[in-house]
Amino acid sequence: MPHATHIRNPLQAIAWWQHDFRRMLSARVREAQLGFRNTWYLGALTLGTFTIQVSTGLLLMLYYHPSIPQGYADMKDLEFVVSSGVMLRSLHRWSAHAMVFLVFMHMAKVFYRRAYQPPRELNWVVGVSLLLATLLLSYTGYLLPWDQLSYWGTTVGASIISSMPFVGARLRFYLLGGHTVNANALLRFYVLHTMIFPLVVIMLIAVHLWRLHKDGGMYEPDEQGKPILPDHIPAEDDLFRGVENEKTLSYRELLFREIIGIEALAVVLLSMALIWKAPLDEMANPLHTPNPAKAPWYFTGLQELLHYFPPFVAGIILPVLIVSGLFIIPFVPFFDDVSTADLCRWARDKSGRSITIATVMVVLSALLIRIHAWDALLPLWIVVTLLCLAGRTADQQKGFRNWVRSRSLSFWIMTLFLMEAVILTSVGTFFRGPSWTWVWPWRG
Amino acid sequence: MAEEREKRAADYDRAPLDRRQFVKVGTTSLGVAGLGACVFGFRYLSPNVLYEPPPIVSVGRPERYPVGSVTLDPRFGIFVARVQEGFYALSAVCTHLGCLSTWKADTGEIVCPCHGSTFRRDGTVTSGPAPEPLPWLKVWISDDGNLMVDRSATLPAHSEYVQA
């Protein structure tokens with residue numbers, strides 16, 4: 001244990017402090033782990049937005065009463081009466097959007113670098129849980145302003161829950177504390193949003209960082225593309241000896257860069273909050289549904305699905321399938337081991353497997369065409385076209401087609417999911433007008 | 001040193017529970033307590049008194065509604081319709097996800113603003129994701145001649161028309 005008398009300057013004090021917190025952050029990192037292009041610092045930036053959420057949220061709580069109609073009046077007060085109130089609320093809103101966006105980006109980046117490989121499976125699972133917790137935080141926070149959009153967004157969300165067989169109606173009653181979205185629901189969502197989910201997120205973040213450190217810090221593949229495992233956790237007094245020359249003190253390099261990144265993000269978000277006010281609709285009116293009643297952008301993809309499929313399918317079955325698919329990615333080597341080239345070979349074999357794949361594709365396409373879900377069909381056909389394209393060339397060693405051929409099955413599953421998410425979300429956000437009919441955004 | 005160790009071992013032997021028993025008793029009692037807490041927790045989460053509006057409402061004099069009309073009463077989220085056969089009422093709460101649908105007089109259909117479901121004036125679904133028709137509600141004329149609707153009592157479609 002480095003004794004306090006060993007500390008001669010503030011930097012060493014930081015290093016010592018950090019050493020004690022080494023379950024959160026490695027004391028030393030390899031230079032190769034530090035590059036911006038590895039992670040884009042997405043994890044740190046997400047943590048930054050969460051910090052902003054906690055601090056602005058705590059301040060907003062000082063002026064917000066979770067009751068009807070006081071909650072809505074408090075929104076107006078924050079906008080017109082409270083000093084800097086509108087800035088704080090806008091910062092909270094934009095930072096929430098940024099957090100959802102960054103969590104998705106972080107997941108995609110980790111996935112495409114295959115940083116979920118053993119021994120990091122558990123941390124991937126924790127990460128997916130954090131994604132879910134972030135979405136739940138957004139959903140519960142959406143009701144609190146008690147304006148028209150939040151009221152109807154929550155009504156729709158609660159109806160999705162009640163479409164579950166057997167337990168749905170009961171579950172909805174427990175969540176809302178009544179049959180409709182009312183005062184009880186507002187209070188329950190307030191408690192979930194300000195106490196329960198933040199605590200869950202904080203605990204999950206602690207586990208996430210601890211596991212990151214235990215699994216060898218930021219992911220860095222060796223020449224064969226296999227992850228470098230942690231050789232050892234630096235012994236107590238390695239810290240001041242500098243025995244590992246290839247490693248650099250992480251507070252000096254990593255922490256410094258990440259803090260710069262978070263600060264830059266904070267400046268961007270703060271500027272956004274000063275320029276654009278967080279939207280506030282009319283006060284919630286249970287007797288009039290706005291037209292169109294749109295969810296926040298990260299749920300418009302789901303809303304688009306709800307337009308095509310019955311609520312139980314779009315609201316329960318598909319999300320459960322997607323989330324369990326995300327959870328099991330690191331545990332099913334099949335997805336990683338099968339490559340596009342294998343798929344193409346199966347197709348040429350005319351084996352049972354190729355018939356299965358073709359049948360699934362045809363049935364899926366037929367179903368989507370039958371319900372006119374052209375936007376959901378598009379990504380599927382793009383991916384299938386790419387696969388067919390790759391199957392037609394056998395001997396090339398370089399180029400785009402070869403790149404396509406060397407991708408794994410899990411790559412295509414994730415790519416399809418992300419493409420669907422992006423396309424359905426954009427269509428739901430920009431191309432849907434009154435009564436959810438198709439509109440062109442540039443035509444008024 | 002050795003004495004102390006012996007003493008500690010003797011203490012251990014004299015203990016009423018060994019470690020295994022302790023863990024067993026501990027987890028069992030914790031489990032029972034946790035189960036009880038869950039039961040009470042669920043009962044606590046379900047409010048016994050609700051301050052929600054009553055289901056039976058008066059929608060006014062029958063003469064207000066001409067034959068062939070469909071009228072949304074926005075106070076209660078119901079449609080009052082009058083056809084040749086008489087009066088009937090529909091819930092305006094869309095069976096898809098609970099948005100409040102509206103009557104479009106120009107096209108003669110009921111439209112939900114959230115996900116685009118459309119219904120005929122008798123509540124049957126014509127397009128969109130709504131899984132079920134809008135339910136018919138119990139209608140009667142009260143003693144003082146007002147049209148009454150019970151929003152909690154649903155009827156089979158076309159089962160009952162009320163005469164003014």
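Quick note on labels: first sequence line is chain A, next is B, and so on, each numbered from 1.
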ask   = What residue, out of A:Thr437, A:Asn182, A:Leu306, has the most heavy-atom pairs lying under 4.5 Å from chain B?
value = A:Leu306
Can you name the nearest heavy-atom pair linking [X] to [Y], along with the distance?
X        : Y        : value
B:Cys99  : A:Trp152 : CA-CZ3, 3.7 Å
A:Thr180 : B:Glu52  : N-OE2, 3.5 Å
A:Trp436 : B:Gly116 : CB-N, 4.0 Å
B:Phe42  : A:Tyr174 : O-CE2, 3.0 Å
A:His307 : B:His115 : ND1-O, 2.8 Å
A:Gly177 : B:Pro47  : O-CG, 3.3 Å

remark   = Given the options A:Ser159, A:Ser163, A:Pro310, A:Pro311, B:His96 meets side-chain contact (heavy atoms from CB on, under 4.5 Å) only with A:Pro311
Counting only heavy atoms not in [X], do more than 12 fall under 6.0 Å of its [atom1]?
X        : atom1 : result
B:Asp106 : CG    : yes
B:Phe22  : CZ    : no
A:Gln70  : CD    : yes
A:Lys76  : NZ    : yes
B:Gln84  : CD    : no

query = Does the side chain of B:Leu100 come within less than 4.5 Å of A:His288's, by heavy atoms?
reply = no
request  = Taking the side chain as every heavy atom from C-beta outward, state whether A:Tyr308 and B:Pro129 have any pair of such atoms under 4.5 Å apart.
outcome  = no
In terms of heavy-atom proximity below 4.5 Å to chain B, should [X] be classed as side chain, backbone, both, or neither?
X        : result
A:Glu304 : neither
A:Phe312 : neither
A:Asn285 : neither
A:Arg170 : side chain

request  = Kindly compute the distance separating CG (A:Leu176) from CG (B:Leu50), expressed to the nearest 0.5 Å.
outcome  = 11.0 Å
query = Would B:Leu97 and A:Ile160 satisfy side chain to side chain contact (heavy atoms under 4.5 Å, CB included), going step by step from the backbone distance to the final call?
reply = CA-CA 7 Å; B:Leu97 290 174; A:Ile160 295 176; 3.7 Å; yes
ask   = Taking the side chain from B:Arg75 and the backbone from A:Leu287, do they hold a donor-acceptor pair closer than 3.5 Å?
value = no
